[in-house]
Amino acid sequence: MDAADISQDLTHVLYTADEVQRRVEELAAEIDRDYEGREVLLIGVLNGAVMVMSDLSRAMKSHLTMDWMAISSYGSGTKSSGVVRILKDLTRDISDVHVLIVEDIIDTGLTLSYLVQNLQSRGPASVEVAAMFRKPEAITAPVDVKYVGFDIPNEFVVGYGLDYAGRYRNLRDVGTLAPHVYS
């Protein structure tokens, strides 16, 4: 597939790569202020958070460590299945650690709600959430997100880590996926 084919799969661009990078830098500065004097463990949620985690961690000035989890509630569709599974767990103990979960997108909130409860049960000093994108209209599960990059419409979006069936994560811009792709 070439670039021309990919661009034809988007209805429109919501945020350009430059807009996303500016917002990542703003979030990093806010997180640095909030965690001043404390080390934070960034927990990236695979696979979508790879781009956000990479850019956010490089923009931060604070001491930090990183770990990864893989959580699934989608499969290869466009809607959450409602069943949350841990596919890859943390490699370290988080007792008395300040944890910041880094997500690409919050859709229904089901996966994130489960993840927050799971991590809180492990005795960390704190658990907060940073998400690059959030769909307020789609949220059905209670979820407290301290850092939000952008609130977006309840549409299927791809790019900057967001995918459809594993594709489009590599797009630098974030755009609405055309219905002809998944219908």
Side-chain angles (χ1 to χ4, degrees), residues 14-15 20-74 80-154 157 159-163 169 174:
L14 294 170
Y15 297 101
V20 170
Q21 287 310 307
R22 267 194 304 278
R23 188 63 183 126
V24 167
E25 290 170 11
E26 293 168 357
L27 289 173
E30 190 177 338
I31 293 166
D32 282 336
R33 279 191 302 276
D34 290 351
Y35 286 94
E36 185 175 353
R38 298 179 288 166
E39 185 169 307
V40 62
L41 169 64
L42 302 181
I43 297 177
V45 181
L46 295 169
N47 287 324
V50 168
M51 308 302 184
V52 180
M53 182 89 140
S54 175
D55 290 345
L56 183 65
S57 65
R58 288 182 297 181
M60 289 176 64
K61 309 287 187 249
S62 305
H63 286 288
L64 60 88
T65 55
M66 292 187 267
D67 205 343
W68 297 91
M69 291 184 79
I71 312 290
S72 176
S73 68
Y74 274 83
S80 175
S81 68
V83 177
V84 179
R85 298 179 304 142
I86 294 178
L87 305 175
K88 182 213 173 294
D89 208 341
L90 299 174
T91 58
R92 63 174 284 187
D93 179 21
I94 62 168
S95 298
D96 299 318
V97 172
H98 293 285
V99 169
L100 179 61
I101 301 167
V102 179
E103 274 276 27
D104 56 346
I105 190 167
I106 300 170
D107 203 335
T108 65
L110 174 68
T111 304
L112 183 58
S113 178
Y114 170 84
L115 180 58
V116 168
Q117 289 176 3
N118 181 289
L119 294 178
Q120 284 175 334
S121 74
R122 301 180 194 199
S126 65
V127 176
E128 298 291 350
V129 177
M132 196 65 220
F133 305 100
R134 175 177 63 183
K135 295 180 179 179
E137 297 169 9
I139 293 176
T140 60
V143 62
D144 183 25
V145 183
K146 187 165 187 177
Y147 309 99
V148 177
F150 299 100
D151 281 330
I152 61 174
N154 191 14
V157 296
Y160 196 65
L162 304 172
D163 77 306
R169 290 187 197 279
V174 175

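Everything numeric in this text was worked out from a predicted model, so none of it was measured.
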Test your reading of the model: is there a side-chain donor-acceptor pair from [X] to the backbone of [Y], 3.5 Å cut-off?
| X | Y | answer |
| --- | --- | --- |
| Ser121 | Asn118 | yes |
| Arg122 | Ile94 | no |
| Asp32 | Met60 | no |
| Arg85 | Ala70 | no |

[X] versus [Y]: any side-chain heavy-atom pair under 4.5 Å?
| X | Y | value |
| --- | --- | --- |
| Arg134 | Ile139 | yes |
| Phe133 | Leu14 | no |
| Asp107 | Asn154 | yes |
| Leu112 | Val145 | yes |

What are the two closest heavy atoms between [X] and [Y], and how far apart are they?
| X | Y | value |
| --- | --- | --- |
| Leu162 | Val174 | CD1-CG1, 4.2 Å |
| Pro153 | Lys135 | O-CG, 3.8 Å |
| Ser57 | Leu42 | CB-CD1, 3.9 Å |
| Val52 | Met132 | CG2-CB, 3.7 Å |
| Phe150 | Val20 | CE1-CA, 4.1 Å |
| Val129 | Val116 | CG2-CG2, 3.8 Å |

Query - Worked verdict on Leu119 versus Met69 for side-chain contact (heavy atoms from CB on, under 4.5 Å) - result: CA-CA 11 Å; Leu119 294 178; Met69 291 184 79; 4.0 Å; yes

Query raised in the report: Which distance, rounded to the nearest 0.5 Å, do you find between the CG of Leu100 and the CG of Leu41?
Result: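 Leu100 atom CG to Leu41 atom CG measures 9.0 Å (nearest 0.5 Å).
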
**Report entry** Rounded distance [0.5 Å steps], CG in Leu46 versus CE in Met53
**Finding:**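 Interatomic distance, Leu46 CG to Met53 CE, rounded to 0.5 Å: 8.5 Å.
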
Requested in this report: Please step through side-chain contact (heavy atoms from CB on, under 4.5 Å) for the pair Ile101 and Val127, ending with a clear verdict.
Outcome: CA-CA 7 Å; Ile101 301 167; Val127 176; 3.8 Å; yes

Report task. May I have the step-by-step check of side-chain contact (heavy atoms from CB on, under 4.5 Å) for Leu64 and His98, ending in yes or no? Result -> CA-CA 10 Å; Leu64 60 88; His98 293 285; over 6 Å; no

Query raised in the report: In this structure, which one of Thr91, Leu90, Val50 forms a side-chain contact (heavy atoms from CB on, under 4.5 Å) with Trp68?
Result: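 Answer after filtering Thr91, Leu90, Val50: Val50.
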
Query - Member of Val99, Val97, Leu115 meeting the side-chain contact (heavy atoms from CB on, under 4.5 Å) criterion with Ile43 - result: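 Single side-chain contact (heavy atoms from CB on, under 4.5 Å) partner of Ile43 among Val99, Val97, Leu115: Val99.
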
Report task. Could you give me the CA-CA distance, side-chain angles and deciding distance for Arg92 and Thr65, then say whether side chain to side chain donor-acceptor pair (under 3.5 Å) is met? Result -> CA-CA 11 Å; Arg92 63 174 284 187; Thr65 55; 3.1 Å; yes

Report task. Can you label the angle between the Tyr35 ring and the Tyr147 ring as parallel, tilted or perpendicular, going by 30° and 60°? Result ->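 It falls in the tilted class, 30° to 60°.
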
Query raised in the report: Is any side-chain N of the basic residue among Glu25 and Arg22 closer than 4.0 Å to the acidic one's carboxylate O?
Result: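 No, Glu25 and Arg22 are not salt-bridged.
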
Requested in this report: In sequence, state the C-alpha distance, the side-chain angles, and the governing distance for Arg23 and Glu26, and then conclude on salt bridge (charged side-chain N to carboxylate O under 4.0 Å, His left out).
Outcome: CA-CA 5 Å; Arg23 188 63 183 126; Glu26 293 168 357; 3.0 Å; yes

